Amino acid sequence: MTGPDPNYISLENWDALSKLLASLWLILGAALGFAASMLLAHGMIPSLAASRDIPPAIAKKMRAPLYAAALFFAGMAAYAIYLFIDRLFVIPDIFIRFCVVNGW
């Protein structure tokens with residue numbers, strides 16, 4: 001076999017890496033949800049109301065739930081960042097084991 005041998009990474013490490021990657025995907029989803037909500041609530045809805053494509057009364061009613069969704073996604077992003085930082089322990093563990101196996 002050519003290349004590095006992945007046997008120094010245990011099953012527990014692979015599971016921890018999987019959870020670490022899941023938290024990264026959660027960060028991405030929360031950031032995209034926050035950005036989309038803010039773009040709609042703070043950019044597109046007022047623009048559509050100003051151009052009279054939608055009535056201003058409906059625009060006012062639409063903005064509040066979008067701001068609430070943005071707040072929810074911001075909270076989810078904060079939680080996902082906490083999870084990511086909490087799960088980072090696996091990286092030094094794998095690196096130290098790699099150095100020991102390769103005699104560094």
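These figures come from a predicted structure and were not determined experimentally.
Between Ala70 and Met38 the shortest heavy-atom distance is CB-SD, 3.7 Å. Closest non-hydrogen pair, Leu40 versus Pro46, comes out as O-CD, 4.2 Å. When every heavy atom of Ala80 is checked against every heavy atom of Ile27, the shortest pair comes out as CB-CG1, 3.4 Å. Of all heavy-atom pairs spanning Met62 and Pro65, the tightest one is O-CD, 3.4 Å. The nearest pair of heavy atoms linking Phe89 to Ala16 is CZ-CB, 4.1 Å.
Looking at Phe73 and Ser37, their side chains come closer than 4.5 Å, going by heavy atoms from C-beta outward. The closest side-chain heavy-atom distance from Leu21 to Leu17 is not below 4.5 Å. The closest side-chain heavy-atom distance from Cys99 to Ile96 is not below 4.5 Å.
Using a 4.5 Å cut-off between side-chain heavy atoms of Ile, Leu, Val, Met, Phe, Trp and Tyr, with links allowed through other members, Ile85 and Val90 fall into the same hydrophobic cluster. Cluster membership for Ile9 and Leu24, using ILVMFWY side-chain heavy atoms within less than 4.5 angstrom, is shared. Cluster annotation: Leu66 and Leu48 are assigned to the same hydrophobic cluster (Ile/Leu/Val/Met/Phe/Trp/Tyr, side-chain heavy-atom contacts under 4.5 Å, transitive). Phe34 and Ile81 sit in two unconnected hydrophobic clusters of ILVMFWY residues. Membership requires side-chain heavy atoms under 4.5 Å apart, directly or through other members. Leu71 is not connected to Met76 by any chain of hydrophobic side-chain contacts under 4.5 Å among Ile, Leu, Val, Met, Phe, Trp and Tyr, and they are in different clusters.
In terms of modelled atom types and a separation under 3.5 Å, the side chain of Arg87 and the main chain of Lys19 share a donor-acceptor contact. Of the possible polar contacts, one joining the Ser51 side chain to the Ser47 backbone as a donor-acceptor pair under 3.5 Å is found.
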Verdict with supporting geometry, Ile91 and Leu20, side-chain contact (heavy atoms from CB on, under 4.5 Å): CA-CA 10 Å; Ile91 302 297; Leu20 183 67; 4.0 Å; yes
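A donor-acceptor pair shorter than 3.5 Å can be found between the side chains of Ser10 and Asn13.
Note: Phe84 CZ to Leu26 CG = 12.0 Å, rounded to the nearest 0.5 Å. The distance from the CG atom of Leu39 to the CG atom of Leu32 is 12.0 Å, given to the nearest 0.5 Å.
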